[in-house]
Structure formats: structure tokens, C-alpha cells
Amino acid sequence: MLYTASFYEPRHWMGERYRISRAHPRGRKTEWQVQPALYPSRALLTDYRHGNLTFAELDVRYREELDETYERDAGFPAFLEQLTAMGDFTLLCFEPAGEPCHRRCAAAWLLERVPDLALGRLR
């Protein structure tokens with residue numbers, strides 16, 4: 001089952017945890033795996049942070065990036081194939097629950113790509 005949460009809310013973490021942000025949170029020990037195929041590009045993040053994109057535009061471009069990564073990175077489809085058998089897992093990044101965040105975009109994309117994947121809670 002798929003969950004999303006902030007690095008700073010461990011009580012919301014379920015099962016295996018995957019960092020899907022480009023950066024590691026300062027002052028935190030590593031308590032997760034990484035999944036670079038789900039990292040948004042630096043260019044996309046820069047455009048968003050500088051106000052050149054709305055969050056809706058970020059979502060569209062991020063999904064395009066995920067589609068491209070899926071096509072060119074042989075390990076990424078293999079990762080997706082194992083998701084339903086994995087049990088609970090959580091996608092982690094920085095934003096607090098309720099704030100616009102790419103982890104929810106990634107979760108929506110995964111749910112579309114892996115129809116048998118069950119949704120837990122998006123935070």
C-alpha cells in the first residue's frame with residue numbers, strides 16, 4: 001500500500017521508506033532507501049522555486065519527466081513491478097502534510113502506472 005509523508009513526521013511513515021527528494025534533510029540520519037528515478041530534475045525545481053511555474057505546471061512537467069525516466073531507465077519499470085508485492089511503503093520528501101508537494105504527484109503517477117497498487121494515505 002502506498003503512503004506519502006514528510007521526513008519530519010516519522011509517525012506517518014509506513015513500511016519501507018523511500019526518499020524521493022534530491023537532497024537529504026540536514027541533521028537527520030538516513031532511515032530510508034533512495035529512489036532517484038522519482039527525483040524531480042534540478043531544472044524543474046529551480047523553475048518552480050523561482051516562480052516560473054505554478055504547482056499545476058510543475059505536476060505536468062514532473063509527470064513528463066517520470067514518463068521519460070520510465071522509458072530510458074530499465075531499473076525503473078522493474079522497481080514498479082515489485083511495488084504491489086512489497087506491502088506498505090512511503091514516499092518521503094520535505095514538505096509538511098497538506099502543502100503542495102511532488103510526492104503526491106509521484107504517488108498519483110504510480111497509481112496510474114501500477115493499477116493494482118493500493119493507496120494508503122497521502123500526506
Side-chain angles (χ1 to χ4, degrees):
M1 191 169 291
L2 168 62
Y3 295 84
T4 65
S6 171
F7 289 121
Y8 305 110
E9 294 290 340
R11 70 177 192 257
H12 296 157
W13 302 355
M14 305 298 286
E16 189 72 38
R17 296 162 311 270
Y18 290 92
R19 180 183 66 140
I20 65 164
S21 64
R22 299 194 75 78
H24 180 88
R26 290 184 185 158
R28 299 291 305 231
K29 68 178 183 157
T30 300
E31 300 179 59
W32 41 75
Q33 306 295 319
V34 295
Q35 185 42 262
L38 291 172
Y39 295 176
S41 70
R42 290 187 196 284
L44 180 59
L45 293 173
T46 299
D47 281 349
Y48 180 66
R49 288 183 184 135
H50 287 121
N52 299 327
L53 296 173
T54 64
F55 188 76
E57 292 167 325
L58 175 134
D59 181 38
V60 169
R61 284 191 38 199
Y62 179 48
R63 286 168 170 265
E64 290 170 354
E65 288 183 358
L66 291 171
D67 288 337
E68 291 169 11
T69 302
Y70 184 85
E71 294 302 320
R72 79 169 189 277
D73 179 350
F76 194 31
F79 172 76
L80 270 58
E81 288 174 12
Q82 71 177 0
L83 291 179
T84 55
M86 195 169 14
D88 293 344
F89 68 98
T90 304
L91 304 179
L92 298 172
C93 70
F94 290 93
E95 310 311 329
E99 293 295 315
C101 181
H102 81 283
R103 70 180 176 255
R104 284 184 286 287
C105 301
W109 185 87
L110 288 171
L111 290 165
E112 291 167 10
R113 280 284 180 164
V114 185
D116 293 335
L117 185 59
L119 177 60
R121 179 133 187 216
L122 302 179
R123 297 183 195 267

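The two atoms that bring R63 and C105 nearest to each other are NH2-O, 4.2 Å, heavy atoms only. Across A107 and L91, no two heavy atoms sit closer than the pair N-CD1, 4.0 Å. In terms of heavy atoms, P10 sits closest to R28 at CG-NH2, 4.1 Å. When all heavy atoms of T4 and L122 are compared, the pair lying nearest together is OG1-CA, 3.2 Å. The heavy-atom pair separating V34 from Y18 by the smallest distance is O-CD2, 4.1 Å.
E57 pairs by the salt bridge (Lys or Arg N to Asp or Glu O under 4.0 Å) definition with nothing, not counting sequence neighbours. For E64, there are no side-chain hydrogen bond (donor to acceptor under 3.5 Å, both in side chains) partners two or more places apart in sequence or in a different chain.
Y8 and L92 end up in the same hydrophobic cluster when Ile, Leu, Val, Met, Phe, Trp and Tyr side chains are linked at under 4.5 Å. In this structure, L110 is not a member of the same hydrophobic cluster as M1, with clusters built from ILVMFWY side-chain heavy atoms closer than 4.5 Å. If you chain together hydrophobic residues whose side chains sit under 4.5 Å apart, Y39 and Y70 never meet in one group. Under the 4.5 Å side-chain heavy-atom criterion for Ile, Leu, Val, Met, Phe, Trp and Tyr, W109 and V114 are members of the same hydrophobic cluster.
Distance check, rounded to the nearest 0.5 Å: CG of D59 to CG of L53 gives 11.0 Å. We find the CG-CG distance between L58 and L45 to be 7.0 Å, quoted to the nearest 0.5 Å. To the nearest 0.5 Å, atom CG of residue L80 and atom CG of residue L38 are 7.5 Å apart. With values rounded to the nearest 0.5 angstrom, S6 atom OG is found 8.5 Å from F94 atom CZ. Distance check, rounded to the nearest 0.5 Å: CD1 of I20 to CG of L66 gives 8.5 Å. In this structure, CE in M14 is found 4.5 Å from OH in Y3, a value given to the nearest 0.5 Å.
Ring-centre distance between Y62 and Y48: not below the 6.0 Å cut-off. Within the 6.0 Å centre-distance limit, the rings of F7 and W32 are counted as a close aromatic pair.
A side chain to side chain donor-acceptor pair (under 3.5 Å) check over residues 113-123, counting only residues at least two apart or in different chains, returns the pairs H12-R123, D67-R113. Among pairs with a residue in residues 10-26, those fulfilling salt bridge (charged side-chain N to carboxylate O under 4.0 Å, His left out) read E9-R11, at least two apart in sequence or across chains. Listed by first and then second residue, the side chain to side chain donor-acceptor pair (under 3.5 Å) pairs that reach into residues 71-98 come to none, sequence neighbours excluded. For residues 42-54, the pairs satisfying salt bridge (charged side-chain N to carboxylate O under 4.0 Å, His left out) are D47-R61, with sequence neighbours left out.
Judged by distance alone, with hydrogens and angles left aside, the side-chain atoms of W13 form no donor-acceptor pair with the main-chain N or O of F89 at under 3.5 Å.
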